[in-house]
Every structure is written in structure tokens, then in C-alpha cells.
J.: 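Take this structure first; my questions come after.
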There are 2 protein chains.
Amino acid sequence: MKQQDVFRALADPTRRAILKRLQGGALSAGDIGAAFDITPASLSHHFAVLKQADLVRTERRGQYIVYSLNSTVMEDLARMVLDLFPPGGARGGKR
Amino acid sequence: MKQQDVFRALADPTRRAILKRLQGGALSAGDIGAAFDITPASLSHHFAVLKQADLVRTERRGQYIVYSLNSTVMEDLARMVLDLFPPGGARGGKR
DNA sequence: GAAATATTTAGATGATTGGCTAAATGTCTG
DNA sequence: CAGACATTTAGCCAATCATCTAAATATTTC
């Protein structure tokens, strides 16, 4: 898993908002976009970034493409965060 | 709390490496920089970003400035992540 | 199969970013 | 105080990024 892709994907507020929007369940690209004031093309760009980070999954359903949260990365993300901020405080290192 | 600052700060690999380096305990700017192939000026820029995100704390000690991890943000960061990926699985898979 | 709808791709543009060099600031020591 | 050392600030530049418009692709419907 490419840690860099995940952190990069989360760095943009629009993308984080997309993820939040998906918490209510899977949505088509258009339905997600309805909440944002950006063009479908820009939206699509954000989807691509989220997908590359494996944060969302896609499934074509007829003429729609449906996006859903990939909750399994939650675990990976938690690991990444813990990796940066070890529990029990930073002091001590390998003692 | 400025969520955006935190995610932005974590988006850069050098900054994440700095955080990791600080896990062993507080270090002076110079000591941290020794591990990276960038100028002190660039390093200082990264420190500023990390500080703005409240991920590190500084303390002047003589002519050195000592950086240390601010582990308390760990909690905030965990909350941010959980906020994006609600535990119990985002209802949303496919249908 | 052509029109309509949904989404992505291509290409362009302005803003942000990470890096550099040079200069400024802060602190210790002789 | 002067000179050395540590770090930051100030400008500058190239690369990346978020966004746009226009065009392409995919799918349904008539």
C-alpha cells in the first residue's frame, strides 16, 4: 500500500468531504457532486486520487458509476498514524 | 483545531520522516537535518509547517532549538481519521 | 443505430509548494 | 564586543495541484 497516496489523498478538503459524504452509503458520481460547487471533471479527478489511494471502490451500475467507502483501509490508516505517533509517548525509543 | 493544517503537514514524506525521527526523543533542528539531504533552510520550512499543525513543539536550549513530538495531537488525529472512516464499517458497501 | 445521460480524459491555467541561495537573527565563547 | 555556530526569514524558481472547458467514452432508451 502506498502510504504517500493515502496521505496525499486526505490532504485535500474536497476529498475529505467526499469521503464523509460516502458514509451514508454508496453514491453515484453525480450524486456526490451535487453537494459540491465544482465541475464533474474536477470531481472525477478527485475520485481518481481517492481510488489510487484505495480509499474508495467503484462499481458500474448501468450508466452510473457508484462509489463507496473502502473501510478496510481504516486499519491501514490507523497503522500509519500509530507509526507516526507511537502510543505511550515518544520518549524512550527502544528501551 | 485546524484539521486542514494537520492533513497538509502529513502529506509530505519528508515531514513524516521528521516525525518518525523524533520518536526517539527530542532533537535539535540540526540533528534532525543530518538525516536528510536538504538545506537547513528547507528543513526550517518543514518545521514551520509541522508547528503550525501543532504536531511538534519547540524549546530553545542555548543556541540550539530542540524539537519534540506533540503526542497529544495523536488523539485529535485519531478523531479526524475516525471521523472519515466510522468504525463499525461505513454502511455503504454495495447494494 | 442515434440521441440523451453519466462519467472520464485531455489540455490549459493560476495557485500552492518544496527546494535553493543569500541574508538576517539569536546565542554562546573567547 | 567580535567571531563562530544554529536556525530562521526573504526571495526566487521549477514542479505539482486543483480547477476549468472541450472532447471522448460508456450505457440506456427510443
Side-chain angles (χ1 to χ4, degrees), chain A residues 2-22 24-70 84, chain B residues 2-22 25-70 84 92 94-95:
Chain A
K2 291 149 293 184
Q3 178 165 318
Q4 175 57 29
D5 288 338
V6 174
F7 281 115
R8 184 173 94 78
L10 295 179
D12 184 85
T14 298
R15 286 193 289 267
R16 291 198 305 274
I18 290 173
L19 293 176
K20 287 220 67 168
R21 197 110 207 287
L22 286 175
L27 288 174
S28 73
D31 282 347
I32 297 170
F36 302 97
D37 193 20
I38 72 183
T39 64
S42 298
L43 233 329
S44 187
H45 158 69
H46 286 306
F47 292 148
V49 176
L50 289 170
K51 225 160 72 171
Q52 190 184 341
D54 204 31
L55 291 169
V56 300
R57 296 248 164 77
T58 64
E59 175 200 355
R60 180 174 273 280
R61 191 174 306 180
Q63 60 185 322
Y64 301 87
I65 292 185
V66 169
Y67 283 85
S68 55
L69 267 193
N70 176 10
L84 289 174
Chain B
K2 292 151 289 181
Q3 176 164 318
Q4 177 56 28
D5 288 338
V6 174
F7 281 115
R8 184 173 95 77
L10 294 179
D12 183 85
T14 298
R15 285 192 289 266
R16 291 198 305 276
I18 290 173
L19 292 176
K20 287 220 66 170
R21 197 112 208 288
L22 285 175
L27 288 175
S28 73
D31 282 347
I32 298 170
F36 301 98
D37 193 21
I38 71 182
T39 64
S42 299
L43 233 328
S44 187
H45 159 68
H46 286 306
F47 291 148
V49 176
L50 289 170
K51 226 160 70 174
Q52 190 185 340
D54 204 30
L55 291 169
V56 300
R57 293 206 222 79
T58 64
E59 174 203 353
R60 178 173 277 280
R61 188 174 306 185
Q63 61 186 323
Y64 301 89
I65 292 185
V66 169
Y67 283 84
S68 55
L69 267 193
N70 177 9
L84 290 174
K94 27 185 94 169
R95 192 184 40 97

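Chain naming here is simple, since letters A, B, ... match the order of the sequence lines and numbering starts at 1 in each.
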J.: Between Glu59(B) and Arg61(B), does any NZ, NE, NH1 or NH2 come within less than 4.0 Å of an OD or OE carboxylate oxygen?
T.: yes
J.: Under 4.0 Å, heavy atom to any atom of DNA chain D: which of residues 35-45 of chain B qualify?
T.: Pro40(B), Ala41(B), Ser44(B)
J.: Check the distance between dT27(D)'s P and Glu59(A)'s CD and give it to me in whole angstrom.
T.: 13 Å
J.: Taking the side chain as every heavy atom from C-beta outward, state whether Phe47(B) and Ile32(B) have any pair of such atoms under 4.5 Å apart.
T.: yes
J.: Flag the pair Leu10(A) / Leu19(A) as yes when at least one side-chain heavy-atom distance between them is below 4.5 Å, and no otherwise.
T.: yes
J.: Roughly how many Å is it from CD1 in Ile32(B) to P in dA6(D), rounded to a whole number?
T.: 14 Å
J.: Looking at Tyr67(B) and Ala29(B), what are the two nearest heavy atoms and their distance?
T.: CE1-CB, 4.0 Å
J.: Between Leu55(B) and Arg15(B), is any pair of side-chain heavy atoms under 4.5 Å apart?
T.: no
J.: Start with the C-alpha gap between Leu84(A) and Lys20(B), add the side-chain angles, then the distance that decides, and say whether side-chain contact (heavy atoms from CB on, under 4.5 Å) holds.
T.: CA-CA 6 Å; Leu84(A) 289 174; Lys20(B) 287 220 66 170; 3.9 Å; yes
J.: Nucleotide range of DNA chain C contacted by chain B, 5' to 3', under 4.0 Å to a heavy atom?
T.: dT17(C) to dC28(C)
J.: Could you please spell out the steps behind the side-chain contact (heavy atoms from CB on, under 4.5 Å) verdict for Leu43(B) and Ile18(B)?
T.: CA-CA 9 Å; Leu43(B) 233 328; Ile18(B) 290 173; 3.7 Å; yes
J.: Quick check: does any side chain N or O of Arg8(A) sit under 3.5 Å from a backbone N or O of Val49(A), one acting as donor and the other as acceptor?
T.: no
J.: Can you list, by residue number, the residues of residues 7-17 of chain B that have a non-hydrogen atom closer than 4.0 angstrom to DNA chain D?
T.: none
J.: If you compare all heavy atoms of Lys2(B) against all heavy atoms of Gln52(B), which two are closest, and at what distance to 0.1 Å?
T.: NZ-O, 3.8 Å
J.: Write down the atom of Ser68(B), the atom of Leu22(B), and the distance for their closest heavy-atom approach.
T.: C-CD1, 4.2 Å
J.: With nearest nucleotides of DNA chain D determined for Val49(A) and Gln63(A) from heavy-atom distances, which residue corresponds to the more 5′ nucleotide?
T.: Val49(A)
